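Since the structure comes first, as structure tokens, the remarks are kept for the end.
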Amino acid sequence: MLIEVTDLTKIYPMGNEEVRALNGVSLSIGRGEYIAIMGPSGSGKSTLMNLIGCLDTPSSGTYILNEREVSKLDDNELAAIRNKEIGFVFQTFNLLARTSALGNVELPLIYAGVPRAERLKKAKAALEAVQLGDRMMHKPNELSGGQRQRVAVARALVNNPSLILADEPTGNLDSKTGMELMGLLDDLNRRGNTIVLVTHEEDIAQHAHRIVKLMDGKIVYDHPVAPANRP
Amino acid sequence: MFSENLAIAFRALWANKMRSLLTTLGVVIGVAAVIAVVSIVQGFFFAVNNLFKDLGSGWVRVMAQRPDAPGWEDKVIHPLYRADSEYLKEHVPLIEDIAPAMFGSLTIKNGSMKSNTTILGTVPGYMDVVSFYVGRGRFFTNIDDKGRRKVCVIGAKIIEKLEIDEPVIGRQIQLGDDSFTVIGVMESRGELIGLNLDDYIFIPYDTARSIFGEEEIFNTIWEVAINDASKMELAKTQIIDAMRRRRRVAANDPDDFRLLSQEQITSVLGTISGYATGVAAGIAGVALFVGGIGIMNIMLVSVTERTREIGVRKAVGARRNNILLQFLIEATILTVLGGGLGILLGVGVGAGVAAIIPQFPSAHVPIWAVVMGFSVSAFVGVVFGVYPAMRAARLDPIDALRYE
């Protein structure tokens with residue numbers, strides 16, 4: 001198993017009260033899986049995503065990522081895990097505005113300490129893999145929404161992570177470019193990448209091979225998607 | 001990683017050119033103030049020092065003085081006599097030569113032109129002792145001195161003051177009531193802060209004594225050349241001993257004369273320039289402190305503006321130290337660039353001010369001031385950049401990514 005989450009709980013203090021954003025969630029995700037996490041706002045899906053993405057640590061429970069217990073790590077150790085194991089694709093792209101597509105894709109490699117020449121080679125290859133080989137020196141504001149999100153995908157891929165975590169990746173795209181992007185993710189999964197997709201849109205979730213639904217901090221649904229249903 | 005941080009910092013500063021410039025203005029002004037003051041003071045220090053440099057490290061001046069001690073206030077100064085200088089030369093082997101000089105002020109005339117100047121009565125050896133030579137014509141000889149001839153060697157300024165026509169050599173001019181023949185003109189030394197260094201007339205010592213009276217009336221000094229500059233301290237001790245003996249100073253009484261050498265002049269000038277530099281440094285310290293607070297303020301703004309960027313960097317794997325270093329480098333580059341601008345501005349202002357004041361020596365910027373300008377600026381950047389950089393480094397990635 002790539003991800004082993006057991007009895008994960010996250011409690012936020014809210015004034016004098018406590019909010020149980022996540023209430024005893026257990027979940028296993030295998031290598032090469034394509035899974036969608038769904039749920040309405042307040043269901044705890046963002047909290048679960050933050051925990052799986054190693055952006056946060058749980059109040060209790062364990063999280064084993066790639067055979068390593070990561071639920072008790074400190075800030076810097078989590079940063080190293082994110083750098084090595086996880087590629088993020090965000091709803092709002094989250095590219096650096098003043099930096100070229102190539103510079104944005106290079107970023108994880110810079111923090112991984114990869115030497116410059118190798119970095120450029122890898123970043124170029126990643127951009128070519130998302131069909132942006134001819135847009136490398138363009139800054140985000142010179143690219144369309146779909147192209148920006150593809151830059152973000154290239155950035156997520158460049159360091160060969162164990163897991164790609166896509167948080168509402170089509171949320172800021174029109175339906176046509178959204179479909180193109182999902183096609184790209186489908187393709188990445190076919191080539192062996194593990195993808196965790198967070199979405200509230202049913203038709204986007206149908207791209208995954210397994211759907212997990214959350215409600216009030218608990219998993220209420222966990223079933224595979226029949227291949228026939230996939231778009 | 002460091003070079004990436006440099007590139008990031010330059011890009012961020014360049015994106016906000018105007019703001020960066022305004023932010024660093026405090027540092028610019030602080031550094032400029034010090035560089036300007038230091039360059040002016042050092043220029044002055046240099047010029048004065050150069051003046052005495054010709055005298056060399058083997059030069060000592062002996063002057064008569066009333067002892068600076070209680071009970072001596074109403075005593076008469078015991079003057080320096082020429083005969084005593086000969087005694088000193090005989091009894092202190094380290095002395096190469098002594099040139100006694102008596103001086104005072106006289107009215108001088110050439111036809112209808114009338115003026116005032118300093119008259120120095122001295123000996124033929126004077127030129128070699130103080131390394132200051134005649135430019136044209138000749139200096140006087142022992143024959144002129146012994147014969148009490150009425151010959152004079154004039155400073156270049158005298159030609160101008162008395163409107164002496166060419167050929168100057170051989171002309172007769174009036175010193176007081178007596179007519180003197182001009183036999184030489186000294187090389188010109190120019191001017192220093194309004195003081196003309198060519199405004200004097202040399203006449204033979206005994207001529208001066210016969211016309212103006214004995215040493216009691218005029219001030220006398222002795223210029224002394226030591227033949228081995230490395231034995232300066234020994235020579236001074238020996239001179240003091242010989243002088244006390246010759247002048248019969250009682251064992252418990254203080255010296256009734258004093259010695260002056262180049263190192264004392266240099267050390268006095270050094271003290272003065274040290275004070276001036278200290279005052280400038282004080283002003284700069286305040287400017288740099290205020291400037292530093294400005295830097296801190298703008299860096300805090302920058303951290304807030306770039307919260308999302310910090311979130312993205314952390315999400316893809318930046319550790320606290322990566323972010324800390326990035327903002328620290330940015331603050332330091334900001335202040336070092338300010339320091340560089342300040343140095344340029346200070347050099348310009350220093351040179352400008354020195355040029356505007358009449359007869360002021362040109363400004364001189366010492367290397368240590370430039371090095372210090374840069375290091376202090378960098379220091380300000382680090383000190384005032386730490387807090388904003390720490391704020392950035394500690395941001396929570398989730399909050400930072402969500403920041404609008």
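Chain letters run A, B, ... following the sequence lines, proteins first and then strands; every chain starts at 1. No experiment lies behind these values; they were computed from the predicted model shown.
Taken to the nearest 0.5 Å, the CZ atom of R402(B) stands 6.5 Å off from the CG atom of N50(A). With rounding to the nearest 0.5 Å, the separation of CD1 in I398(B) from OG1 in T47(A) is 8.0 Å. With rounding to the nearest 0.5 Å, the separation of CD1 in I110(A) from CZ in R313(B) is 7.0 Å.
Close approach to chain B, defined as a heavy atom under 4.5 Å from one of its heavy atoms, is seen in A79(A), A80(A), R82(A), N83(A), F88(A), F90(A), T92(A), N94(A) of residues 79-95 of chain A, taken by number. Of all residues spanning residues 329-339 of chain B, none has a heavy atom less than 4.5 Å away from chain A's heavy atoms. Listed by sequence position, L55(A), D56(A) are the residues of residues 52-59 of chain A in contact with chain B, using a 4.5 angstrom heavy-atom cutoff.
Note on R306(B), E309(B), R11(B), R320(B): by heavy-atom pairs under 4.5 Å with chain A, the leading option is R320(B). With chain A as partner, the option from A318(B), P397(B), A15(B) having the largest number of non-hydrogen pairs under 4.5 angstrom is A318(B). Between chain A and the residues V316(B), I8(B), V312(B), the most heavy-atom pairs under 4.5 angstrom are made by V316(B).
With a 6.0 Å radius and a threshold of 12 heavy atoms from other residues, nucleotides or ligands, F379(B) has its CZ atom at or below the threshold. Other residues, nucleotides and ligands contribute only 12 or fewer heavy atoms inside 6.0 Å of the CG atom of D216(A). Within 6.0 Å of OH on Y12(A) lie more than 12 heavy atoms contributed by other residues, nucleotides or ligands.
For residues 99-120 of chain A, the salt bridge (charged side-chain N to carboxylate O under 4.0 Å, His left out) pairs, not counting sequence neighbours, are E106(A)-R119(A), E118(A)-K122(A), R119(A)-E4(B).
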